[in-house]
2 protein chains.
Amino acid sequence: MAKAARDPEERIRERNMRLIIKAGIEIFARKGFDGTRIAEIAEASGLPKANVYYYFSSKEEIYRAIVAHLIASWDDALKYISPEREPAEAFRLYIRAKLDYTRKNTAESRLFASEIIQGARFLKKKDRDHMRQVTDAHVAVVEGWIAAGKMLPVDPRHLFIMLWASTQYYADFEPIAADGLKKARLKAEDYETAAITITETILKGILPAPMQGS
Amino acid sequence: MAKAARDPEERIRERNMRLIIKAGIEIFARKGFDGTRIAEIAEASGLPKANVYYYFSSKEEIYRAIVAHLIASWDDALKYISPEREPAEAFRLYIRAKLDYTRKNTAESRLFASEIIQGARFLKKKDRDHMRQVTDAHVAVVEGWIAAGKMLPVDPRHLFIMLWASTQYYADFEPIAADGLKKARLKAEDYETAAITITETILKGILPAPMQGS
DNA sequence: AGGAAAGTTGACACTTTGGTCAGCTTTTGT
DNA sequence: ACAAAAGCTGACCAAAGTGTCAACTTTCCT
């Protein structure tokens with residue numbers, strides 16, 4: 001009897017939890033875990049504080065729910081790095097996808113950055129293992145390409161770090177990026193130019209020089 | 001009479017302020033502005049809380065003192081990007097200097113990152129203008145190199161962002177960088193490999209292909 | 001030596017915060 | 001229609017936070 005549940009039309013719960021999570025992402029991203037007040041999340045989601053506590057039993061629970069959700073998106077862009085593809089195409093797509101994600105999910109990206117800077121206190125070992133595994137798999141693909149002579153011998157792990165760094169910077173450090181580009185705020189076209197610059201530069205850096213005898 | 005001061009041997013004041021600032025950098029970096037408690041800074045610096053308030057009248061004053069100090073170091077590595085140098089040499093030195101700084105001043109680097117992610121609330125207009133000016137000057141140098149055919153036509157502003165991003169990532173996001181490299185913690189040698197990979201990749205990406213007639 | 005300036009600090013006042021709860025209203029299945 | 005389940009919330013703590021202060025000790029200059 002403890003199991004019985006009300007499946008159909010569980011809309012209220014869903015909607016309110018979504019509101020809370022959404023507000024939480026925004027505020028946790030800007031204030032970090034310790035700096036975030038639940039009252040603020042409540043206000044931002046238009047619910048009384050006690051109502052927030054009706055759905056989540058603590059601040060940590062809200063935060064964990066969000067972080068857990070973020071991990072899932074780690075893999076998404078990496079899927080383009082697959083052995084059947086040519087390296088040039090693969091990296092081109094990867095860079096675009098990553099920039100696209102950060103542009104459209106600025107708050108999530110910042111929240112993740114914030115969590116890491118603050119010492120990755122809420123990243124469970126399981127999550128980190130998962131990320132490591134995914135990375136390992138893609139490192140292997142790159143090593144394959146290098147062995148096949150399709151890429152210059154670059155350290156694949158540092159290469160991935162360069163890509164993560166370059167693609168996240170625009171969203172995570174927008175004030176600095178915008179200042180650097182002499183814009184008030186970043187727009188889609190800036191991300192477009194970024195994609196082109198990063199792609200061209202990195203590709204020239206890792207692909208064998210074209211038309212060259214041995 | 002308000003001017004009279006005790007110049008010689010003002011050691012106590014200096015020493016205690018240094019202790020407070022040092023502890024503050026560490027804790028602000030990890031917790032952000034809102035997340036930091038003064039009691040924590042007091043404990044970390046070995047002083048009673050009331051003594052901290054004897055030197056600084058508020059949390060914000062400590063924070064501002066630290067941020068102001070950080071701005072000064074923004075220029076340091078950029079000095080290598082100077083017109084008399086060859087681009088290859090300039091970028092090589094710049095990348096090394098920046099990585100070196102972040103490795104040796106991890107907490108400062110993270111504090112700065114944290115401040116930006118949290119919306120650059122305490123970066124004064126004056127500071128941002130200064131950073132912008134410094135950037136502009138170096139963009140001009142790169143444009144000069146491009147005009148002289150010493151570099152491929154890259155968007156200089158996005159290029160600088162790539163460099164900032166790649167060189168800061170290791171310190172700011174150490175947990176992820178370490179996982180990516182399959183290490184428990186980053187050591188000097190990892191920064192060394194990073195310097196090599198970044199330098200080689202970027203240089204190939206921005207320098208004209210060697211030995212090529214038109 | 002001795003008085004003034006600088007430094008120190010436990011205790012206190014006041015505010016904010018995370019989290020609880022009892023009782024209310026709404027929704028839902030029958 | 002109606003009772004049970006789900007949802008809602010104002011009012012309330014205890015704990016933790018920021019900042020103050022009056023009284024004490026140390027350091028410094030002459």
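By convention in this document, chain letters (A, B, ...) are assigned in the order of the sequence lines, proteins followed by strands, and residues within each chain are numbered from 1.
Contact annotation: B/Asn51 side-chain N/O to C/dG10 OP1/OP2 distance is not under 4.0 Å. When the side-chain nitrogen and oxygen atoms of B/Arg37 are compared with OP1 and OP2 of D/dA16, none of them lie within a distance under 4.0 Å. Taking only side-chain nitrogens and oxygens, A/Asn16 never comes nearer than 4.0 Å to OP1 or OP2 of D/dA6. Contact annotation: B/Tyr54 does not reach the phosphate of C/dT8 (side-chain N/O to OP1 or OP2, under 4.0 Å). For the pair A/Tyr55 and D/dC8, the criterion of a side-chain N or O lying under 4.0 Å from OP1 or OP2 is met.
The interatomic distance linking B/Arg13 (CZ) with C/dT8 (P) rounds to 10 Å, in whole Å. When the P atom of D/dG7 is taken as reference, atom CZ of A/Arg15 falls 12 Å away, rounded to whole Å. Rounded to a whole Å, the OH atom of A/Tyr53 is 15 Å from the C1' atom of D/dA11. At whole-Å resolution of the value, NZ in B/Lys31 and C1' in D/dA16 are 13 Å apart. Between A/Met17 atom CE and D/dC8 atom C1' the separation is 16 Å, expressed in whole Å. Taking atom CD of residue A/Glu43 and atom P of nucleotide C/dT16, one finds them 14 Å apart after rounding to whole Å. At whole-Å resolution of the value, CD1 in A/Ile27 and P in C/dG18 are 11 Å apart. Atom pair B/Ile41:CD1 and D/dG17:P shows a separation of 12 Å (rounding to whole Å applied).
In the set C/dG19, C/dG7, C/dC21, C/dG19 carries the atom at the smallest distance from any side-chain atom of A/Lys49. Each of D/dT9, D/dT18, D/dG7 was ranked by its minimum atom distance to the side chain of B/Ile38; first place goes to D/dT18. Listed nucleotides: D/dG19, D/dG10, C/dT9. Nearest to the side chain of B/Pro48: C/dT9. With D/dG7, C/dG10, C/dG19 as the choices, the nucleotide that has an atom nearest any side-chain atom of A/Ser58 turns out to be C/dG19.
Screening A/Gln133, A/Lys125, A/Lys126 against A/Asp129 for a side-chain hydrogen bond (donor to acceptor under 3.5 Å, both in side chains) leaves a single residue, A/Lys125. A side-chain hydrogen bond (donor to acceptor under 3.5 Å, both in side chains) with B/Asp100 is found for exactly one of B/Lys104, B/Lys98, B/Arg96, namely B/Lys104.
Between A/Trp164 and A/Phe160, the ring-plane angle classifies as parallel under the 30° and 60° cut-offs.
Annotation: A/Tyr94 is not in aromatic contact with A/Tyr80 [ring centroid separation under 6.0 Å not met].
The minimum heavy-atom distance between B/Ile71 and B/His130, with the atom names listed, is CG2-CD2, 4.1 Å.
Residue contacts shown for B/Lys59 are limited to sugar-phosphate atoms, with no base heavy atom under 4.0 Å away.
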